[in-house]
Amino acid sequence: MQKKLRSIKKLINSPYFGRLDFKSSLDDKEYTFYIGLHAFLSNKNEPLIYDWRAPISSLFYDYEIGTAHYIAPMGQVEGEILVKRQYKIKKGNMEYMIESSMNINDEVLQRELSNTSDEKMKNIVATLQREQNSIIRNENSKILIIQGVAGSGKTSIALHRVAYLLYRNNGNLKSKDILIISPNKVFGDYISNVLPEFGEEEISEIGMEEVAGNLISKPFQTFNQQVSRLITLTNEEYINCIQYKSTFDFVKDLDEYFLNAEYQYFNPKDIEINGISFTKELVMNKYIDLRNLPIKKRLDKIAQDIISKYKREKNTTLKAYEVKRIRKTVDEMFLYKDTFTLYQNYYTHLNKKELFQIGDNGELEYSDVFPFIYTKLFYEGLNVNNNVKHLLIDEMQDYTPIQYAVISKLYQCRMTILGDGNQSVNPYSSSFIETINKVFETAECVELNKSYRSTYEITTFAQCIRENNKLIPIERHGDKPSISHCQSKIDQISKINHIINHFQHSEYNTLGIICKTQDQADELYHNLKTFQNSIQFLDFHSNEFHGGIIITSAHMAKGLEFDQIIVPNVDYITYNTILDKSLLYIACTRAMHKLDLLYYGEKTPFLNEME
């Protein structure tokens with residue numbers, strides 16, 4: 001009842017956003033359908049408003065006026081759309097109504113995109129495009145990989161897809177059965193409003209490092225620490241090591257190593273105990289028969305079988321020290337006694353010991369964390385998570401093939417994987433859709449190439465920093481991005497303060513000040529706090545996203561959007577590497593309406609084309 005009450009309250013504010021008059025070929029009658037965020041029935045249980053996820057609602061997204069069809073429980077229903085209208089109703093008042101002869105009229109889309117941003121990600125059911133709707137309603141693909149350009153709405157589409165699947169599989173799929181792997185807690189908080197808007201419960205989220213931490217006890221470097229080290233220290237050997245471990249060939253090399261290790265490192269021996277013999281041939285045959293088990297479990301099973309056989313034949317049990325001796329003897333038949341030494345030997349096997357380095361505190365380097373877990377899966381085995389029925393992976397470009405290989409073994413369920421290869425905070429380890437597809441060979445891959453977030457001017461500007469030939473900018477115009485030269489650091493702070501003051505008297509709700517690193521963001525935050533008390537600082541320890549003025553790093557800002565963006569320190573010293581270019585691109589593409597860049601000293605060469 002509480003869930004129904006929440007839905008009704010939302011409908012009072014905005015009952016519907018679309019209308020269709022449809023003439024069905026089944027009975028040649030004309031029907032009027034109103035479409036809203038939720039369904040609403042009359043006292044006679046007749047539908048007055050249809051949920052946007054209902055089969056009939058697909059007509060609204062997929063067709064113009066004319067011949068159309070939709071898939072109902074009874075099968076395909078043919079007919080003709082006679083009238084198609086789009087409404088904007090807010091707080092019970094109709095702001096506009098448009099007769100739509102095209103799929104989600106451009107005028108409506110322009111109106112919605114021109115709005116200012118909110119503290120949370122909004123639902124976009126009123127402006128879904130045909131290609132977005134087809135992704136949302138895809139029920140056939142077990143693994144769906146979505147490559148979407150900056151501002152294409154890929155995260156929102158993925159969440160709408162989850163809402164659709166929950167609606168379609170009511171009873172068999174619940175919110176608690178879905179898990180999202182997200183980049184950080186702030187991003188998780190930012191997207192937390194979408195599913196509740198549809199009357200669904202929030203879904204659980206986890207970070208990739210949390211996945212790792214649940215599987216291994218060894219301390220390890222985080223992805224954030226790896227990126228920070230790459231930003232502050234240019235080390236070719238370190239970069240080469242990361243690049244090698246971020247290839248699909250690395251996964252194949254490890255698989256080949258395990259295939260050889262399985263038998264090359266196993267040396268069966270005869271076992272005799274109290275007059276009963278177990279030949280090495282028998283041990284080897286058991287080892288082969290158990291090939292579907294991890295090495296450690298195979299050895300345990302062989303030892304247990306020997307103990308059980310002795311008990312059957314002698315009709316007595318072994319003493320504790322005899323059991324221990326048998327287990328020790330069998331364990332020693334495999335050359336390596338633990339996952340760590342087996343993984344370490346891989347690099348000895350390659351004759352490239354330098355590729356595996358342990359940190360001063362015994363930490364695994366981040367690029368070794370998931371290869372180590374992959375080795376643990378082979379040697380010890382890990383439990384598959386059967387509680388998760390659908391896994392959502394966002395920012396797919398920041399995860400390597402070996403990470404996907406681990407995920408594919410841990411979560412053998414349906415997946416939606418999304419991201420943009422051009423928005424990696426670590427281009428040395430970034431994955432593109434083609435690479436991920438090598439891990440999930442049966443996956444369906446789709447691309448979203450139209451960018452809706454930024455104005456045409458901002459999108460074109462960002463394209464000069466990092467070009468994506470597939471990106472199609474939306475024709476929504478605004479101010480050209482500005483690049484301001486400052487006389488000094490103090491002058492830059494003064495100009496940033498001036499821009500903030502102007503923002504506070506504008507119609508905009510959110511302003512992001514995005515620095516290259518967390519240290520730069522922290523320093524600027526303390527400098528600006530003298531003038532501005534309302535500024536918030538976001539770092540990797542933050543848990544919530546709020547509107548207003550926010551200072552953060554490009555890494556933390558990924559996935560977020562703001563009405564206005566300020567990017568300080570766009571100088572040659574700050575932005576000069578491939579990694580820096582990627583971070584600058586991410587920072588600029590967070591802006592919806594206005595973008596300002598500032599520097600003192602020599603301007604970064606990445607902006608030379610903007611003269």
Side-chain angles (χ1 to χ4, degrees), residues 208-209 211-222 225-226 237-238 240-247 249-269 271 280 283-284 286-288 290-304 306 323-383 400-403 405-407 409-410:
M208 196 64 86
E209 285 143 21
V211 172
N214 291 336
L215 299 174
I216 59 175
S217 56
K218 288 189 73 65
F220 57 84
Q221 180 191 46
T222 66
Q225 289 169 338
Q226 184 192 66
E237 287 185 4
Y238 186 55
N240 291 337
C241 180
I242 291 171
Q243 286 179 319
Y244 167 64
K245 294 172 187 177
S246 303
T247 62
D249 284 342
F250 176 53
V251 180
K252 292 198 298 183
D253 290 347
L254 270 176
D255 283 336
E256 188 176 333
Y257 170 67
F258 296 153
L259 194 63
N260 292 330
E262 186 175 8
Y263 296 103
Q264 184 179 341
Y265 297 153
F266 182 67
N267 182 26
K269 296 175 183 177
I271 298 177
K280 63 182 180 182
V283 172
M284 188 65 184
K286 283 189 174 292
Y287 184 80
I288 293 170
L290 297 168
R291 57 185 170 273
N292 292 327
L293 291 178
I295 300 297
K296 195 77 175 67
K297 290 184 179 180
R298 275 198 245 185
L299 300 176
D300 290 344
K301 186 72 168 64
I302 290 169
Q304 187 57 49
I306 291 171
V323 170
K324 187 175 180 181
R325 180 160 60 86
I326 290 173
R327 293 193 181 280
K328 185 174 183 292
T329 302
V330 175
D331 284 345
E332 287 176 348
M333 291 180 191
F334 196 82
L335 183 59
Y336 294 99
K337 304 301 178 288
D338 56 59
T339 298
F340 182 82
T341 52
L342 180 62
Y343 178 61
Q344 188 178 37
N345 180 67
Y346 169 72
Y347 297 99
T348 304
H349 166 78
L350 285 183
N351 199 25
K352 293 182 178 179
K353 290 184 179 180
E354 71 279 0
L355 290 178
F356 182 63
Q357 302 291 330
I358 294 293
D360 295 336
N361 298 319
E363 282 186 342
L364 284 173
E365 206 282 323
Y366 187 71
S367 62
D368 286 309
V369 174
F370 282 85
F372 178 78
I373 294 172
Y374 197 60
T375 307
K376 187 172 184 178
L377 282 163
F378 166 75
Y379 184 74
E380 300 176 44
L382 293 166
N383 294 326
T400 61
I402 193 69
Q403 288 176 290
V406 170
I407 291 297
K409 293 181 182 296
L410 295 178

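Throughout, residue positions are numbered sequentially from 1 according to the sequence presented.
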Verify, without hydrogens or angle tests, whether [X] (side chain) and [Y] (backbone) share a donor-acceptor contact under 3.5 angstrom.
X      : Y      : value
Asn361 : Glu363 : no
Lys245 : Leu355 : yes
Lys376 : Leu215 : yes
Arg291 : Ile288 : yes
Glu380 : Leu377 : no
Lys337 : Phe334 : yes

For a 4.5 angstrom cut-off between non-hydrogen side-chain atoms, does Thr341 reach Leu335?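 They are not in contact (no side-chain heavy atoms under 4.5 Å apart), so the answer is no.
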
Given side chains that start at C-beta, do those of Tyr244 and Asn240 come closer than 4.5 Å, heavy atoms only?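 No, side chains not in contact.
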
Going by atom types only, do Tyr347 and Glu354 share a side-chain donor-acceptor pair under 3.5 Å?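 Short answer, no.
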
Residues Glu365 and Gln226: side-chain donor-acceptor under 3.5 angstrom: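 Yes - a donor-acceptor pair under 3.5 Å links their side chains.
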
Which donor-acceptor pairs under 3.5 Å do side chains of residues 258-266 form with protein atoms, sequence neighbours excluded?
unit_1, atom_1, unit_2, atom_2, d
Asn260, ND2, Glu256, O, 3.3
Glu262, OE2, Arg298, NH1, 3.2
Glu262, OE2, Arg298, NH2, 2.4
Tyr265, OH, Asn345, ND2, 3.0

Show, in sequence, the C-alpha distance, side-chain angles and deciding distance for Tyr366 and Phe220, and conclude whether the ring pair (Phe, Tyr, Trp, His ring centres under 6.0 Å) test is met. CA-CA 6 Å; Tyr366 187 71; Phe220 57 84; 7.1 Å; no

Using 4.0 Å as the upper bound for N to carboxylate O, is an ion pair formed by Lys328 and Asp331?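 A salt bridge is absent here (no side-chain N lies under 4.0 Å from a carboxylate O).
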
Mind checking side-chain contact (heavy atoms from CB on, under 4.5 Å) for Asn292 and listing every partner two or more places apart, or none if nothing turns up?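 Asn292: no side-chain contact (heavy atoms from CB on, under 4.5 Å) contacts found.
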
Could you check Tyr374 against Asp255 for side-chain hydrogen bond (donor to acceptor under 3.5 Å, both in side chains), going step by step and ending with a plain yes or no? CA-CA 9 Å; Tyr374 197 60; Asp255 283 336; 2.7 Å; yes

